[in-house]
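The structure under discussion appears below in the form of structure tokens.
Naming: A, B, ... by sequence-line order, numbering from 1 per chain. No hydrogens, no waters, no symmetry mates; every other heavy atom, side chains included, goes into these values.
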Amino acid sequence: MSSDSLDKGYDPSGIEEKWYKYWVDNGFFKANEESDQKPYAIVIPPPNITGVLHMGHALNNTVQDIMCRHRRLCGDNVLWMPGTDHAGIATQNIVEKNLAKKGVTRDQLKREEFIDEVWKWKEHSGGAIINQLKRLGASCDWDRERFTMDEGLSDAVRKVFVRLYKEELIYQGLYIINWCPRCKTALSDLEVDHEEQDSFLYHIRYPFESGEGGLVVATTRPETMFGDTAVALNPNDQRYQDLTETHVCLPLTDRKIPIIRDDYVDTEFGTGALKVTPAHDPNDFHLGNRHNLESIKVIDDDGIMTDGAGRFNGQERFECRKQALEALEAEGFLVKKEPLKNSVGHCYRCKTVVEPSLSKQWFVKVGPLAKEAADAVREGKTRIIPENWSKTYFEWMDNIQDWCISRQIWWGHRIPVWTCKDCGKIMVEEVDPTACDSCGSKELVQETDVLDTWFSSALWPFSTMGWPEQTQLLKTFYPTNALVTGFDILFFWVARMMMMGIHFMDEVPFKDVYIHALVRDEHGKKMSKSKGNVIDPLKVIDQYGADAFRFTLAAFAAQGRDVKMSEDRVEGYRNFVNKLWNAARFTLMHLEKGPGEMDVSLLSLPEKWILSRSKATADAVHQSIETFKFNEAASAAYQFTWHEFCDWYVEAAKPALYGKEGEKRCRVVRAVISEVLENTLVMLHPFMPFVTEEIWEKLPTTSGSVMSARFPGIEDNELLVRDEAVEGDMEHVFGVISGIRNIRSTMNIPPSMQLGVSMQTMDARERRIIEENHAMIENLARLDSLEVTEPGEAPPSSATAVVNGTSIYVSLMGVIDFDKEAARLDKEIAKVTKELVAVSKRLNNESFLEKAPEDVVEKVKGIQQGLEEKNDKLRENLDRINKIAG
RNA sequence: GGGCGAAUAACUCAGUUGGUAGAGUGCAACCCUUACAAGGUUGAAGUCACAGGUUCGAGCCCUGUUUCGCCCA
């Protein structure tokens, strides 16, 4: 496709796939562990193999891709390690559901057969998200893609388990844990979502042994009463000070339970009498331990009442609640029922109400690990960005509970613990043992539980790089440079990676943790299927292109603030992509006349200016990406591209490009415009990889991929130098042109009408600038004549603007509307007067003159002088107009 | 109950050691000027949530209040 047939509008379809394939095929995403180049590594937060790309993933991976692509452009050896996690419970749920459609339960299959089914599912439909990440443009090193159930990662899991066990940091114990009766597994505390919900607080009378009176307990969960083994009172509670009874009868049963006293009881809540159910409530469990109470499990693993519930045996737990309440009411034990909002735990995978339950499980003793992990952040070995999150991190680390790691499911890393059937010896081994190392028996039984998925993801930064082998990859890339994630998995994942990384690698897993916000809908509401406000990233990409979508995410990703996404916003940035495309189209059109030729002596102000701005912008973009300020980087690039390069420079360059300034100037300007366009493409590439590559290829001045280019400004380039004097001069030219345009617009002068303008200034610099750039001013303000003089008589029948020290007179012989011009000047004067009042107020304040720093005072004085001059000139002109009109 | 964050133009948001408020979208007017109407030019629009305080000076720092959101218990 030749450049003159470049389409008028940018259409991303087809182009994105083409370049993605090109990059992959040519190894542009590959890291090199043997290289001496500066390494830069990021490990991806592994999405679930069950997952599909949502807005959160899109933001997360766009940010990582921006960082990685930027670093490659800086010449670093970048490793972006991709992969997925096996998502034990979620995956098992899906496969079970699929089996259920065929009328098969997992228990009808053998464990091995079931796991085969899961692998089959994984091969067939798992990991769809990986291809979706590719649509987004993610430049991961796909050849290194890992999965938490891979052989290598499984070895790492085993080694870690065995070592922690031998260090007594893993133990098995009978504790109260969170049980999901639907998934039929234990959950860690973190895997329980607490939701506020409307419930009732039931007041139930437990009669005294003697038969007279009784204690009224208050509970939201009457069905657990069958597991009560005491009623607790606060020893300081005046209401029960004189109570001599020692036992109460448990209604609906024939059991008697003791009355105990413990400070834990909250005298404010309910009646101050607390029913104690050690087997079904975490607080009661600890209370029970202190008082040596019996624990009676009355709800089984399916959420069904056990025979401990007497006649309610076999009922589902919530049905039992209903039935028990009816019975209590019928028998006169239910004293009252009041509405109450309370927080109820739900399984984070299936939303079933979690049952706290006494159970034998495996735990990690996290205290010592957490301390090191917290210290690493305190000592600055790892930075959390934005810094505020470190407080949340410390809060959790300092109050951490042991981590329940065993799950009663089949899909996952099976716990490497064997018990000898003959002698009861327990073996914890990296390699499956064949015989008991104590009695030699071959009758060994392996623990049936698997490990929490997060146990394996905790090892991700080093297990993916080949640990426990001492690989070259680890040597080159560990610790990684940055981890990019949402705050929702700060505890689940980041904290645990910190613990494991420090413990097993003796080094933090990453130097920076960048926490980004959530993506919400345009009104700031969390996206959810039930609300119907979910925007599918893939549909957005289909409609607007990945580049526009990525740029939108980046532009709104301000630190510490949620990203509010709406298609309108993406459309706005789609227009930006198109703008860039057309700037390139324009440039290409001119490059067809032949390549540019640089000659520094022939550069005029706009060329020097755009080169200076190009350098300033590149620096700003670079700096902002390095400091995780993606919105600032995006807006600096946007502002420059659209409003400096396209709006001003391209327009200013047209006469030269169309040959009106001679062949030499034409060549020089071609050289400048292609240089600036190239720089712009490179600095935009991290945000918009596809369109920048497409344009890069079309440019006759470039070769290879934009991915092999160097970020502008990081290598010496005599053309790319910031020159603030040049920028100041150009500002004056802009002011003059805008002043004339304003007059044209407010006086309703058609654009086709050429104007005559004279300018007067005493300022030699301003005069020089105008004279040197008169052609540009004439062109951009559409003038047929422009003269610059010393201040003198104002031309008659003209409208006036004042810019810095320059008075501009737009000659409007015969067309001037004096009323309109007077109104226009009035407005200008009002504006200036308002500013002048504010400035003068400050300068008339003696304390200000005395106490403010000198440079500030000088600056304000300068402003005042400028405003006064402007004011005077405007008034003079207003008088003149009034005189002529009057 | 503990913690974190937000409140700035009609909307969505920026705002770097305090020096007197900006952008995008939207809105209004004009314009098919040979890169782009997915465009150009010009313009209107703000008691920076409220109340105190520190300071010559506060959107920014301090204290309190209100409203909203999130996390933990």
Side-chain angles (χ1 to χ4, degrees), chain A residues 6-11 189-190 193-194 266 268 282-283 343 386 388-392 394-396 399 487-488 490-491 517-518 520 522-526 544 548 552 555-566 568-569 571-590 623-624 627 629 631-632 634-636 638-639 642-643 646-647 650-651 654 657-658 673 677 737-752 779-782 824 827 835 838-839 841-853 855-857 859-860 863:
Chain A
L6 207 68
D7 292 341
K8 205 168 164 184
Y10 175 65
D11 178 8
D189 294 341
L190 280 179
D193 289 334
H194 292 272
D266 180 357
E268 302 291 311
N283 295 313
S343 163
N388 299 343
W389 287 105
S390 30
K391 196 161 179 179
T392 310
F394 292 140
E395 199 70 28
W396 191 69
N399 299 295
F487 58 79
D488 46 338
L490 181 62
F491 304 142
L518 294 180
R520 298 172 175 279
E522 57 187 314
H523 303 109
K525 296 262 161 29
K526 208 167 174 171
Y544 300 102
T552 309
F556 283 96
Q559 279 185 15
R561 202 185 262 265
D562 289 338
V563 176
K564 295 192 182 112
M565 175 59 58
S566 84
D568 287 350
R569 274 159 222 165
E571 191 181 339
Y573 288 107
R574 189 269 318 258
N575 295 351
F576 176 58
V577 174
N578 194 53
K579 188 75 180 174
L580 176 69
W581 177 254
N582 274 288
R585 203 162 88 100
F586 175 81
T587 306
L588 275 166
M589 223 172 74
H590 289 282
Q623 197 54 39
S624 299
T627 51
K629 292 173 181 166
N631 61 319
E632 290 181 16
S635 71
Y638 180 98
Q639 167 70 23
W642 200 315
H643 299 301
C646 293
D647 285 353
V650 167
E651 294 306 324
K654 278 179 180 171
L657 289 171
Y658 284 112
I673 199 170
L677 177 62
I737 295 168
S738 297
I740 299 168
R741 284 173 173 174
N742 175 291
I743 289 171
R744 188 187 277 282
S745 173
T746 43
M747 303 296 281
N748 290 335
I749 298 162
S752 50
N779 172 41
L780 296 181
R782 302 190 140 256
R824 210 180 61 81
K827 207 181 91 189
E835 285 174 53
V839 170
K841 203 168 146 193
R842 281 205 281 166
L843 287 170
N844 291 333
N845 183 342
E846 279 184 33
S847 322
F848 174 71
L849 297 174
E850 233 169 80
K851 294 182 181 173
D855 57 324
V856 173
V857 175
K859 197 177 141 195
V860 176
I863 293 171

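- Here the side chain of A:Lys8 is nearest to one of B:U42, B:C56, B:C36, namely B:C36.
- At a threshold of 4.0 angstrom between heavy atoms, the contacts of A:Val650 include nucleobase atoms, whether or not backbone atoms are also involved.
- The side chain of A:Pro751 sits closest to B:C31 out of B:A35, B:C31, B:C72.
- Contact annotation: the side chain of A:Phe586 approaches that of A:Lys654 to within less than 4.5 Å [non-hydrogen atoms, C-beta and beyond].
- Here A:Ala852 lies in heavy-atom contact (under 4.0 Å) with a base.
- Counting any heavy atom pair closer than 4.0 Å across all strands shown, A:Arg574 reaches a base atom.
- Atom pair A:Asp647:CG and B:U42:C1' shows a separation of 13 Å (rounding to whole Å applied).
- Taking side-chain N and O atoms only, A:Ser847 has no distance below 4.0 Å to OP1 or OP2 of B:G57.
- Nearest-nucleotide positions on RNA chain B place A:Lys629 closer to the 5' end than the other of A:Ser738 and A:Lys629.
- Which of B:A38, B:G19, B:U34 sits closest to the side chain of A:Arg842 comes down to B:G19.
- Between the P atoms of B:G19 and B:C62, the separation comes to 16 Å (whole Å).
- Here, B:U54 and B:G64 have their C1' atoms 15 Å apart, quoted to the whole Å.
- The shortest distance between the side-chain N/O atoms of A:Arg569 and the OP1/OP2 oxygens of B:U12 is not below 4.0 Å.
- Counting only heavy atoms from C-beta on, A:Glu651 has its side chain closest to B:A35 among B:C56, B:U42, B:A35.
- Each of B:U33, B:G43, B:A38 was ranked by its minimum atom distance to the side chain of A:Lys827; first place goes to B:G43.
- Of the C1' atoms belonging to B:G15 and B:G3, the separation is 27 Å, rounded to the nearest Å.
- Between A:Asn578 and the phosphate of B:G39, there is no side-chain N or O to OP1/OP2 separation shorter than 4.0 Å.
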Given side chain to side chain contact (heavy atoms under 4.5 Å, CB included), test A:Thr392 with A:Phe487 step by step and report yes or no. CA-CA 10 Å; A:Thr392 310; A:Phe487 58 79; over 6 Å; no
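- Between A:Tyr573 and A:Tyr638, the distance separating the two ring centers is shorter than 6.0 angstrom.
- No hydrogens or angles were tested; on distance alone, nothing pairs the side chain of A:Glu632 with the base of B:A23 as donor and acceptor under 3.5 Å.
- Between B:C4 and B:U65, the two P atoms lie 15 Å apart (nearest whole Å).
- B:G22 sits 29 Å from B:A35 when the C1' atoms are compared, rounded to a whole Å.
- For the C1' atoms, the distance from B:C61 to B:C71 is 27 Å, rounded to whole Å.
- For A:Arg585, counting side-chain heavy atoms from C-beta on, the closest listed nucleotide (B:C56, B:C36, B:A73) is B:C36.
- Among the nucleotides B:U12, B:G19, B:A35, the one closest to any side-chain atom of A:Phe556 is B:U12.
- Using a 4.0 Å heavy-atom cutoff across all strands shown, A:Pro750 reaches no nucleic acid atom at all.
- Closest approach to the A:Lys391 side chain among B:C4, B:C56, B:A73 is made by B:C4 (side chain taken as heavy atoms from C-beta onward).
- Between B:A44 and B:A10, the two P atoms lie 15 Å apart (nearest whole Å).
- For A:Trp642 and B:G40, the shortest distance from a side-chain N or O to OP1 or OP2 is below 4.0 Å.
- For B:C36, its base sits under 3.5 Å from the side chain of A:Lys579 at one donor and acceptor pair at least.
- Between A:Asn399 and B:C72 there is no side-chain N or O to OP1 or OP2 distance below 4.0 Å.
- Remark: A:His643 is in phosphate contact with B:G24, judged by side-chain N or O atoms under 4.0 Å from OP1 or OP2.
- Nucleotide B:G43 holds its P atom 14 Å from the CG atom of A:Asn748, rounded to whole Å.
- Rounded to whole Å, the C1' atom of B:C60 lies 11 Å from the corresponding atom of B:U16.
- Listed nucleotides B:A38, B:U20, B:C56 differ in distance to A:Asn845; the shortest reach to its side chain belongs to B:C56.
- Residues A:Arg842 and A:Asn845 bring no donor and acceptor atom of their side chains to less than 3.5 Å of each other.
- Closest to the side chain of A:Phe491, out of B:C71, B:C56, B:U42, is B:C71.
- No donor-acceptor contact under 3.5 Å links the side chain of A:Arg744 to the base of B:U41.
- For RNA chain B, each stem of at least three Watson-Crick or G-U pairs (distances under 3.5 Å) is given as range with range: B:1-7 with B:66-72, B:10-13 with B:22-25, B:27-31 with B:39-43, B:49-53 with B:61-65.
- A:Tyr638 comes within 4.0 angstrom of sugar-phosphate atoms only, judged by non-hydrogen atoms across all strands, and of no base.
- A:Leu580 has its CG atom 16 Å from the P atom of B:A35, to the nearest Å.
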